[in-house]
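Each remark here refers to the structure printed beneath this line.
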Amino acid sequence: MLSCSGLVPRVCLTLAWLALAGCYSGPSGAIVDESDPPSRPPVSEGPIGGPQLAPLELDALSPDPAPGGVEFDLHVTGAGFTRDSVVVVAGVELPTTFVSGGELHARSGPRKRGDYPVLVRRGDEDSRPLTLAVDRSAPRILVPAEVSVDEDTEVGLFIDVVDVADPKALRVHLLGLPPGATWDEPTRRFLFTPDFTQGGDSWTVTVLAHDGESRVETTFAVVVRDTIQPPWPEVVDTEFLDGSGYVRYTLSQKTDDYLDSPGYAGREFVAKVMVPLDVPPEGVAVRVGLHGFATANPGGTGSSAEIRISPHDPDNTYWWGYATSLPDVEPVAGGAAPDYTMRRVLHLVEYVLRHYPEADPQRVHVYGSSMGGAGAMLLGLLRGRHFAYVDARLGQAIARNHRPGRITQLSGWWGAPELDLDGGGGLSAWDHMDLTRALAESNEARDQFLFLKHGKDDPTIHFGATVLPSPRTGESFYQALQSRGVGHFAVWDEGGHGVADPVLGDSWWSGSWAPINGDEATLRRDRAFPAFSRSSLDDDPGVGVGNGKQDWSANAGFAGEVAVPGDTGWDGAIAGALGRFLRWDGDSVVDTVDRLQFALRVHAGDGADPPAPGYPSEGDRVMAELPAYVDVTPRRTQAFRCRPGERIAWSFGKQHGEVVAGPDGSVTIPALPLTDTWTRLVLRRTVTVIAASH
C-alpha cells in the first residue's frame with residue numbers, strides 16, 4: 001500500500017494512481033509497467049542454513065520533488081529490504097518503517113532547496129543512491145492569532161513571510177479587511193484606525209502568500225475594543241401611518257463630550273427613523289438624508305423600500321462640527337474644531353444597524369441638497385468605509401471656496417479660515433472639507449461613487465463649486481473626479497438653487513439610474529465596481545470662466561436669471577453630464593486574487609431628443625454614435641488588489657492589452673470602446689493567459 005503525508009497531496013495522489021495502475025516512476029523519470037517486472041539478479045546465498053536475501057536495490061523515491069521548508073514522508077521502493085533496513089539521506093539515517101521487502105517509509109525533517117543523495121542501508125551494505133530533489137520551500141506566514149485595538153486608535157501589523165526561495169516572486173494578499181483598513185503590499189504592512197462606531201466588532205482576515213509555485217494561507221482576528229460609548233438615542237414617539245408602508249420613530253439623541261464640545265455636552269437633538277413594515281429576506285437599504293440650511297425639524301418622509309434616517313443640524317454647522325471652546329469662548333488660533341456633527345450622524349447610523357436587523361450595512365447611502373449636499377459629500381468621502389453611494393445636489397465641495405457670506409457664518413463655528421483650527425490629525429477643519437484634497441490623499445475617498453447635480457444659474461451655491469480650483473490642490477472638483485478615476489455621474493443645467501431648468505425641467509438626465517436598488521448597477525460597500533471617466537459621451541462643463549453674458553459676482557458667480565433660458569454667464573455647455581449612460585451589471589462582478597471581471601455597456605434606452613439646439617437629450621436617449629470611448633478604473637475591489645508598478649493584463653471583447661498599476665495600486669484601462677451590448681472586461685495578473693485566448 002502506498003501511503004503519503006497530507007503535506008504533498010497532489011504528488012501523493014499521482015503516485016498512488018500509478019501504483020494502483022501497476023506502474024512506478026524509475027530513477028530516470030520513465031514510467032515502468034510492473035505487470036512485466038524488470039529482471040533481477042540471482043538471489044544471493046545467506047548464512048548457511050539461513051534465508052536467502054535478494055540483492056539490495058533502490059528503484060524509486062516518492063515524493064520527488066519533495067517540499068522544502070516542512071517535514072515530509074519519504075517513500076522508497078526497490079528490493080531486498082528487511083526490518084533492519086534504514087533510509088539514508090545525505091549521509092544521515094532517518095527513522096524508517098518497514099512496509100515490505102520492496103517498500104520502506106521514512107520521516108524527514110525540513111530541508112532547504114537542493115538535491116540530496118538517498119540510499120537504503122542493510123547492515124553494512126548500501127544500495128546504489130538516487131537523487132532526491134527538494135523543491136522551492138512553501139512560504140510560511142508568521143502572524144499573531146489576534147490583533148486588538150481601541151477605537152480611534154491606529155494599529156499596525158507587519159506580515160512576515162519566511163522560507164521563500166525567490167523573494168522577488170512572492171505575493172502576499174489580505175482578504176476580508178475591516179472597513180477602513182489598508183494593506184500596503186510593498187511594505188507588507190496592515191494598518192487600521194477603527195472609528196467609534198466599530199467597537200465591539202471583529203473580523204477574520206485571511207493572509208494568502210504565493211511564491212510562484214506554492215500558495216499558502218492563514219488567518220488572524222482583528223478585534224476592536226468598544227472604548228468610546230456615547231449614549232444610545234432613545235425612542236420618544238412611534239407613529240404608524242396608515243397606507244404609508246412604514247413606521248416613523250422620533251428619537252432623542254443626547255450628547256456627551258465625544259458627540260459635543262465640553263460646554264455643550266448633555267443637550268439633546270431630535271432625529272427620525274422610518275422603517276418599512278414589510279421587509280424582504282435580504283433586508284433593506286439604509287438612506288441617510290441630510291437637510292439644507294435653516295431647517296427647523298428633521299425630515300419625516302419614509303419609504304416602504306428602505307430605512308431612512310433623518311438627523312438634525314439646527315446650528316447650521318454644515319454637517320461638520322465646531323470649535324471645542326464653544327459656547328463659552330469664540331474660536332481662536334491654536335484651537336480645534338472637531339467633526340462633532342458628523343459624529344452624531346454616524347452614531348445614528350450605528351444605532352440603526354445594531355438595533356434593526358433588517359438594515360443592510362452594505363447598502364447604506366447618503367443623500368442631501370444644498371447644505372445637505374455638502375454634508376453628503378463630506379460623509380461619503382471622509383467616512384467612505386460606511387457608505388456605498390452618495391447622492392449630493394447643489395453642494396459645495398471645497399470649503400474655502402464658499403461665498404463670502406457663508407464663510408463669515410461658518411467662521412463662527414469653525415474659526416476663520418486663516419486661523420486653521422485643527423479638524424483632526426493636524427489638518428485644519430477647512431482643509432478637511434476640501435474634497436479635492438480628500439480624493440488626492442485617501443483611497444477610502446477614491447473608492448466612493450457619487451451622483452452630483454448643480455445649476456449654472458444657482459446664486460446661492462454657484463457653479464464654481466464644481467469648476468473652480470481648490471486653493472490647496474489647484475484642481476476643481478470635476479477635474480479631481482476625472483483625473484483620479486473616481487466613480488461619478490455628474491449633471492448640470494441652467495437651474496437655480498432648487499429651481500428647475502426653464503427648458504429641460506427636473507430630472508431630465510436619466511430614466512433608469514437606480515444604483516442602490518436597480519437591477520443592473522447595484523452598488524454595495526462590499527462589492528467592486530468600475531469607475532468611468534473621460535467618456536467620449538461627456539459634455540463640456542467649462543473651466544469656470546465667464547462667457548461674457550454676466551459680470552462676476554463674489555456671491556453668485558456668473559449666474560443669470562433662472563427664468564431666462566440661455567443667459568448663464570458660465571462658459572461651457574448650458575446643460576450636460578459626465579458619466580451619463582454608462583452601466584455595469586452588478587451580478588457580473590467576479591473579484592478574486594487572480595481575476596477581476598465586469599460586464600459593461602452604454603445604456604441606450606427611452607428618452608427624447610434635445611428640446612432645443614445646445615441642450616442635451618432627455619431620459620436615456622443617446623444621441624452620439626457608438627462605441628463610446630471610456631476610461632475604466634476598478635474601485636472598491638475586495639480581493640484583486642494590485643501593488644504599485646504591477647503589470648496587469650486585460651481583455652475586452654476581442655481587444656486585449658496590459659496596464660501598469662499606479663502609486664496607489666489602482667489601474668485604469670484607457671479608452672475602452674463601449675457599445676449598447678454587454679461586454680466583459682476581464683483583468684488578470686498573467687499576460688500570457690489573456691493573449692492566448694485571442
Side-chain angles (χ1 to χ4, degrees), residues 369-370 373 391-395 451-468 476-479 481-482 488-514 532 534-553 556-583 602-630 674-676:
S369 182
S370 188
D391 185 331
R393 307 183 185 215
L394 311 177
F451 172 81
L452 305 170
K453 164 66 172 68
H454 288 83
K456 284 198 167 184
D457 278 351
D458 185 341
T460 304
I461 297 180
H462 62 62
F463 194 60
T466 66
V467 293
L468 290 182
S476 73
F477 193 51
Y478 277 174
Q479 287 172 336
L481 293 169
Q482 294 266 46
H488 64 283
F489 176 9
V491 302
W492 69 90
D493 56 26
E494 209 178 1
H497 200 70
V499 182
D501 183 283
V503 175
L504 292 165
D506 194 17
S507 301
W508 53 266
W509 48 83
S510 175
S512 64
W513 178 243
F532 302 110
R534 305 186 192 280
S535 167
S536 61
L537 299 177
D538 286 348
D539 299 299
D540 176 19
V543 295
V545 300
N547 61 15
K549 294 183 180 180
Q550 303 289 342
D551 293 331
W552 171 258
S553 164
F558 293 110
E561 295 293 329
V562 177
V564 180
D567 74 334
T568 185
W570 294 96
D571 71 326
I574 291 175
L578 306 175
R580 190 181 178 194
F581 307 118
L582 306 176
R583 301 286 191 272
V602 173
H603 180 70
D606 297 332
D609 290 346
Y615 285 84
S617 64
E618 299 180 46
D620 293 321
R621 177 88 161 94
V622 177
M623 301 298 296
E625 292 187 3
L626 299 180
Y629 294 92
V630 185
L674 272 63
T675 68
D676 58 358

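For this chain, numbers begin at 1 and follow the sequence in order.
Closest non-hydrogen pair, Glu494 versus Val564, comes out as OE2-O, 3.5 Å. Between Ala500 and Gly505 the shortest heavy-atom distance is CB-C, 3.8 Å. Looking at every heavy atom in both residues, Gln482 comes nearest to Arg534 through OE1-N, 2.6 Å. Considering all non-hydrogen atoms of both residues, Leu394 and Gly455 come closest at CD2-N, 4.0 Å. When all heavy atoms of Gly560 and Asp457 are compared, the closest pair comes out as N-OD1, 2.7 Å. Minimum interatomic distance between Val503 and Pro565 (heavy atoms only, all atoms of both residues): CG2-CB, 3.7 Å.
Evaluation of the salt bridge (Lys or Arg N to Asp or Glu O under 4.0 Å) rule for Asp506 yields no partner, not counting sequence neighbours. Judged as a salt bridge (Lys or Arg N to Asp or Glu O under 4.0 Å), and not counting sequence neighbours, Asp539 has no contacts. The side chain to side chain donor-acceptor pair (under 3.5 Å) search around His497 returns Ser370, Asp458, not counting sequence neighbours. With sequence neighbours excluded, no residue forms a side chain to side chain donor-acceptor pair (under 3.5 Å) with Gln550. Under the rule for a side chain to side chain contact (heavy atoms under 4.5 Å, CB included), the partners of Glu618 that lie at least two apart in sequence or sit in another chain are Leu504, Trp508, Ala608, Pro611.
Side-chain atoms of Trp570 and Lys549, non-hydrogen and from C-beta on, never get closer than 4.5 Å to each other. The shortest distance between side-chain heavy atoms of Leu537 and Leu582 falls below 4.5 Å. The side-chain heavy atoms of Pro616 and Pro610, taken from C-beta on, include no pair separated by under 4.5 Å. Counting heavy atoms from C-beta on, the side chains of Asp676 and Val622 never come closer than 4.5 Å. Side chains of Ser510 and Asp620 form a contact here, defined as non-hydrogen atoms less than 4.5 Å apart.
For the atom pair NE2 of His454 and OH of Tyr478, the computed distance is 6.5 Å after rounding to the nearest 0.5 Å. The distance from the CH2 atom of Trp492 to the OG1 atom of Thr568 is 12.0 Å, given to the nearest 0.5 Å. The structure places CZ of Phe581 at 7.5 Å from CZ of Phe489, a figure rounded to the nearest 0.5 Å. Separating the CG atom in Leu578 from the CG atom in Asp538 is a distance of 4.5 Å, to the nearest 0.5 Å. Within the model, atoms NE2 of His462 and CH2 of Trp552 stand 4.0 Å from one another, a figure rounded to the nearest 0.5 Å. With rounding to the nearest 0.5 Å, the separation of CZ in Phe558 from NZ in Lys456 is 11.0 Å.
Applying the 6.0 Å contact sphere to CG of Asp551 captures no more than 12 heavy atoms from other residues, nucleotides or ligands.
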>> Walk me through whether Trp513 and His603 qualify under ring pair (Phe, Tyr, Trp, His ring centres under 6.0 Å).
In response: CA-CA 10 Å; Trp513 178 243; His603 180 70; 10.0 Å; no

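Comment: Asp493 engages Lys453 in a salt bridge, judged by a side-chain N to carboxylate O separation of less than 4.0 angstrom.
Listed by first then second residue, pairs satisfying salt bridge (charged side-chain N to carboxylate O under 4.0 Å, His left out) with a partner in residues 561-574 number zero, not counting sequence neighbours.
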